[in-house]
Amino acid sequence: MRLTCPLCGERDLREFSYTGDAVLCERPAPEAGPEAWDAYLHLRENPAGVARDLWHHGAGCSAWLVVTRDTVTHAVIAVALADAP
Amino acid sequence: MGYNALRLLKEGLTGNKGWQPVWRDPAPKDAYDIVIIGGGGHGLATAYYLAREHGLRNVAVLEKGYLGGGNVGRNTTIVRANYAMPGNSEFYSHSLKLWEGLERELNYNVMHSQRGLIDLFHSDDQRDAYVRGGNAMINQGDDAVLLDRDEVRDRLPYLDFDNARFPIHGALLHPRGGTARHDAVAWGYARAADRRGVDLIQQCEVTGIDVEGGKVQGVTTTRGVIRARKVAIVTAGRSGQVAAMAGLRLPVESHVLQAFVTEGLKPIIDHVVIFGMGHFYISQSDKGGLVFGGDLDGYASYAQRGNLPTAEHVMEAAMALMPVVGQARVLRSWGGIMDMTPDGSPIIDRTGIEGLYLDCGWCYGGFKATPASGFALAHLLATDRPHDTAARFRLDRFRDGVGLMDEEGTGAQHKLH
Amino acid sequence: MVRLVARTAAGGALPQTIGGLTLAEHLPEAITAVMPFDGQEGAVSDDMGMPFPAPGRTSEADGALAIWAGRHLALVLGAPPRSSHGAISDQSDAWAVFDLTGPGGAEALARLCPVDTRAAQFPPGHTARSLLGHVHASITRLKDDRLRIMVPRSMAHTAIHDLTRAMGHALRSQSAG
Ligand SMILES: Cc1cc2nc3c(=O)[nH]c(=O)nc-3n(C[C@H](O)[C@H](O)[C@H](O)COP(=O)(O)OP(=O)(O)OC[C@H]3O[C@@H](n4cnc5c(N)ncnc54)[C@H](O)[C@@H]3O)c2cc1C
Ligand SMILES: [Zn+2]
């Protein structure tokens, strides 16, 4: 599996670290209540197939990336900066 | 059918034509009292204990592939009871006791070998943590022995004791820890459950869970609809997928864990050796292969294979710990899908749907749990009350934050455990 | 008052020549991190007297070299720039800077770094943040036969060890091939 960082280009997997499902980009409001926070922190769609997840290019440009990939085949479909509009 | 030397010799000389299948291959019935989804170690153990402990025999285990084709046949076979948190501690202690009687109980050689598990530490602080962990094990009624550096050297002379980064200061020995033959455990439980009347149905994938008015009605499978009063999801890495059939979202993320085995060698490693700081562990199988592994690859995956950076990390850790291993040739590597939870501990519980039960979240430690998980889930299915040893494995502990069992204190990220 | 003696990151371990390759320590006048505030890259470029480098590129003016070093980050080697449109910090003592000079530098680096640094795809003016073994590094091609490698100063001797070993291996495989 190699990821194409929008800034650095195609890079080896060892330069990146995975954090979790990209729902992590949608933090609920502090007072949103336990259901919302449970969903955000713990509950996962956990798809077998196309998934969107959050990666950090720690040994590269330090950008946070949203990677769209297939969890069954490890095919990488798209990589975008996490704060891209 | 008995297995003995004479029989083996006779069959060997006559083309092995006399062996009979040891469990039936029944067609699914229209309805059962209890349907268990997943014919891995936990599903088969659950079926066995339902029949044996509770006299419930109108039970089917539905397996999409073949019995033992999942993680139960892919793991690195370590069996131990060295947990420190309330909840895990009593559960794994119970499991080890069940292991110790398992071969006699099933009349099946699962090659359970209590060769001792040696967990290395490399600093004074780590020693303190291990002393605390050892005391927790002793308080639980299990065994733990603190080894100093020389005592480790007596047992494991081939380690690099003076590694600049991780010099070996000592270890915690868990004498009753060890290994077992993984697929023999599945076969042993399968044979015993079949003999008590449980239907083991292979090549039968569950594709839907039928729920009406908040109550489970049965399952839809590739071999037709099967009605059931109670349904248990025991599908390890696939738990999220199967639970989604009933509209549930679980606190589970599936990750790949790799393992490796070398060509067969003469006996060199008599124990299970854990090098936690290098995310590395190793033992030697009875066939002589060195069986070893490391940490998760670290990203969500359903591919039963991993990537090279993790393989490289594991090999580097091996070389750092025991340079002699560089002489061995790796024969195979593989991966399995781990159902990771946010605190690294499992779930055995009811769900919001009446009659639907869940046994999942075993992360990479569920092989040792096989007997106690089956025992506790059978108890829950039969009585609708959690068994004492598994009462803390609640599904809703993440939502209310009460009773989390994060052994390593790494926080609420699935991949960190 | 105690008089402290300044020691460089390599502390006398360099230069080393192995085959046709030389690894030498480079000592810029200063190393300055420049991080433009949101939308201020243009203003920072004006203050620096050269364009803020694009991702994976360098820019140069008056003997100062600006190396792109990550998202919204450049390291300026040379006279420290001034600007009120970005966060500027002196990192002179935070980095060890090496120049690897001679033919086959990329082949030696290939043993440590997962990025292809051969001149055909990594010509002069290109730079990459990547790994040197286990160490985070900045790698820049200055000339056809010169690569500049920067690692955190605390990793200087690890990097020297790894690089000289890689140079030796590259030499051996060259003579074998
Ligand atoms: C490389 C590796 C090393 C490990 N090492 C250890 C170790 O040393 N010690 C330890 O204690 N644990 C270890 N584990 C973890 C342990 O193997 C698992 O936690 C445990 O086996 C999971 O329970 P199981 O045996 O029931 O799972 P499985 O054997 O995976 O059983 C689940 C079954 O469900 C079936 N299934 C899935 N979906 C469906 C469906 N829709 N319909 C019907 N059937 C379905 C699957 O085909 C599978 O057979 C390791 C795991 C791996 C991969
Ligand atoms: Zn990048």
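Since the structure is predicted, the reported quantities are computational estimates derived from the model, not experimental observations. All chains are named by letter (A, B, ...) in the order of the sequence lines, taking the proteins before the strands, and each is independently numbered beginning at 1. These values consider heavy atoms only, across backbone and side chains, with no hydrogens, waters or symmetry-generated copies.
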Would you mind checking chain A against chain C for donor-acceptor pairs under 3.5 Å and listing them?
| unit_1 | atom_1 | unit_2 | atom_2 | d |
| --- | --- | --- | --- | --- |
| Arg11(A) | NH1 | Arg129(C) | O | 2.7 |
| Glu15(A) | OE2 | Ser130(C) | OG | 2.4 |
| Gly58(A) | O | His136(C) | ND1 | 3.4 |
| Ala59(A) | O | Ser130(C) | N | 3.4 |
| Cys61(A) | O | Arg71(C) | N | 2.9 |
| Asp83(A) | OD1 | Arg71(C) | NH1 | 3.2 |
| Asp83(A) | OD1 | Arg71(C) | NH2 | 3.2 |
| Asp83(A) | OD2 | Arg71(C) | NH1 | 3.2 |

Inset, instruction - Of all the heavy-atom pairs spanning Pro81(C) and Ile88(C), show the shortest one and how long it is. - result: O-CG2, 4.0 Å
Legend entry - Euclidean distance, Cys113(C) SG relative to Ile139(C) CD1, rounded to 0.5 Å: 3.5 Å
Legend entry - Distance (rounded to the nearest 0.5 Å) between Ile67(C) CD1 and Leu142(C) CG: 7.0 Å
Inset, instruction - Could you tell me which residues satisfy side-chain contact (heavy atoms from CB on, under 4.5 Å) with Pro103(C), sequence neighbours excluded, listed by chain and number? - result: none
Legend entry - Nearest heavy atoms of Ala24(C) and Leu14(C), plus distance in Å: C-CD1, 4.1 Å
Legend entry - Separation between CD1 of Ile18(C) and CG of Leu21(C), rounded to the nearest 0.5 Å: 8.0 Å
